[in-house]
Each structure stands twice: as structure tokens, then as C-alpha cells.
**Student:** 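Questions regarding the structure given below will be posed in turn.
What you see is a predicted model, and the numbers here were worked out from it, not measured in a lab.
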Amino acid sequence: MHRLTEEIDECTAELSRRIPVIAPALLAIVGCGSLTAAKILGETAGVTRFRSKDAYARHNGTAPLPVWSSNKARHRLSRAGNRQLNAALHRIALTQARCHPGARELLARRKAGGDGGLEALRILKRRLSDVVNRALIDDHPTSAARTLILAA
């Protein structure tokens, strides 16, 4: 058991050394640590394969699905998409909901407007999907060169 803990610590240290070189914009997002950034990078598998931020949101399961069963226009959480990527966005959202003023303001504003807590969190995750997509695009042009540097 102790050996496994040492291996996990070594892998975590290796990721902590490599991720800032590969994805600095992703790490700049409040609540995104090196392990979460590594998960996002691995599960996204190249941001250039998505034609837009909306396609990326659909892939990660944060795109809203309209519900027409009542007279009130609303959206619900998508159960489709990459669940691992969605879980990484959820971790970032929970961290921001706890300690980031902008996210706390968004949640408070949505709740005051009549949304429930889960609905407000869904909206925060969708916005974070756009932020993560933009960070991945910003990191992309140099990531191939950085990967070559790390391999040496």
C-alpha cells in the first residue's frame, strides 16, 4: 500500500511539473489544479476537433436541453456527453462557487431570479465550459512545441 502511495505521489509530481508548460491558460482558471487540467486535456483530446464552443459544451455535457412540458421555458441538465470531462468542470464549479467572487455573484443573481441551486450551478458549468474551451484554444498553438520540449 505504501508503494502505491509513493507511485501516486510521483505521478502527481510529474503532472505538476509538465502541465504548467503545456497548459498555462488552463491552470490560470480559478479552481483548476494540475490534476484537473490533465484530466481536461486528456479527455478533450485536441480542442481543434470542435467547430465551436457550443460543440465543446455538447461534448462535455454542459449544453442545456430545452424542456417543453410546461408553459414555463426552462432547460435541464444533459445526461449525455463525456462524464469525466463533466466531472472535471463540476469540480471547478464547486471550487468557484465556494471562493470566487464572480461565480458567487452569478449564483446569487440566478437564485434571486428564481432559479434553484442546481439550475444555477448548471449555468455556471456551461459558462466554465466556454472559459475552458477558450483556455484550451489559447494553449493549443504552442502545445505541440512544448510537448517536444518536455519529451527531450
**Student:** Quick check for you: to the nearest 0.5 Å, what is the distance between Leu107 atom CG and Glu119 atom CD?
**Tutor:**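 Interatomic distance, Leu107 CG to Glu119 CD, rounded to 0.5 Å: 11.5 Å.
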**Student:** Quick one: does any side-chain atom of Ser52 pair with a main-chain N or O of Ala55 as donor and acceptor, under 3.5 Å?
**Tutor:**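 Flag set: sc Ser52 to bb Ala55 pair under 3.5 Å.
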**Student:** Please check if atom CZ in Arg91 has more than 12 non-hydrogen atoms from other residues, nucleotides or ligands closer than 6.0 Å.
**Tutor:** yes
**Student:** About how many Å separate CZ of Arg83 and CG of Asn86, when rounded to the nearest 0.5 Å?
**Tutor:**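 Atom-to-atom, Asn86:CG and Arg83:CZ are 4.0 Å apart.
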**Student:** Just by distance, no angles: are the side chains of Thr62 and Tyr56 close enough, under 3.5 Å, to form a donor-acceptor pair?
**Tutor:** no
**Student:** Charged N to carboxylate O under 4.0 angstrom, Asp54 versus Arg58?
**Tutor:** no
**Student:** Give a yes or no answer on whether the side chain of Asn60 reaches the backbone of Asn82 with a donor-acceptor pair at less than 3.5 Å.
**Tutor:**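 No; zero donor-acceptor contacts below 3.5 Å.
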**Student:** With rounding to the nearest 0.5 Å, note down the distance linking CG in Asn133 to CD1 in Ile40.
**Tutor:**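 Rounded to the nearest 0.5 Å, the CG-CD1 separation comes to 11.0 Å.
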**Student:** To the nearest 0.5 angstrom, please state how far the CG atom of Leu4 sits from the CD atom of Glu7.
**Tutor:**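 CD of Glu7 is found 6.0 Å from CG of Leu4.
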**Student:** Between Glu6 and Arg3, does at least one N-O distance fall below 4.0 Å, as a salt bridge requires?
**Tutor:** no
**Student:** Is Arg134 paired with Asp138 through a side-chain N to carboxylate O contact shorter than 4.0 Å?
**Tutor:**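 Salt bridge between Asp138 and Arg134, a charged N being under 4.0 Å from a carboxylate O: yes.
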**Student:** Salt bridge (charged side-chain N to carboxylate O under 4.0 Å, His left out): which pairs involve residues 22-51, sequence neighbours left out?
**Tutor:**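 Every pair satisfying salt bridge (charged side-chain N to carboxylate O under 4.0 Å, His left out) with a residue in residues 22-51: Lys39-Glu43.
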**Student:** Short question: side chain of Arg126, backbone of Ala57 - any donor-acceptor pair under 3.5 Å?
**Tutor:** no
**Student:** Do Ser16 side-chain atoms and Thr12 backbone N/O form a donor-acceptor pair below 3.5 Å?
**Tutor:**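 A pair under 3.5 Å: yes.
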**Student:** Are more than 12 heavy atoms from other residues, nucleotides or ligands located less than 6.0 Å from atom CG of Leu118?
**Tutor:**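 No, not enclosed.
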**Student:** Tell me the closest heavy-atom pair linking Val30 and Gln96, and the distance in Å.
**Tutor:** O-NE2, 2.9 Å
**Student:** Would you compute the distance between atom CG of Leu106 and atom NZ of Lys111 and round it to the nearest 0.5 angstrom?
**Tutor:**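 Reported to 0.5 Å precision, the distance equals 10.5 Å.
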**Student:** Could you pull out all residues at least two apart from His59 that satisfy ring-ring contact (aromatic ring centres under 6.0 Å, His included)?
**Tutor:** Phe50
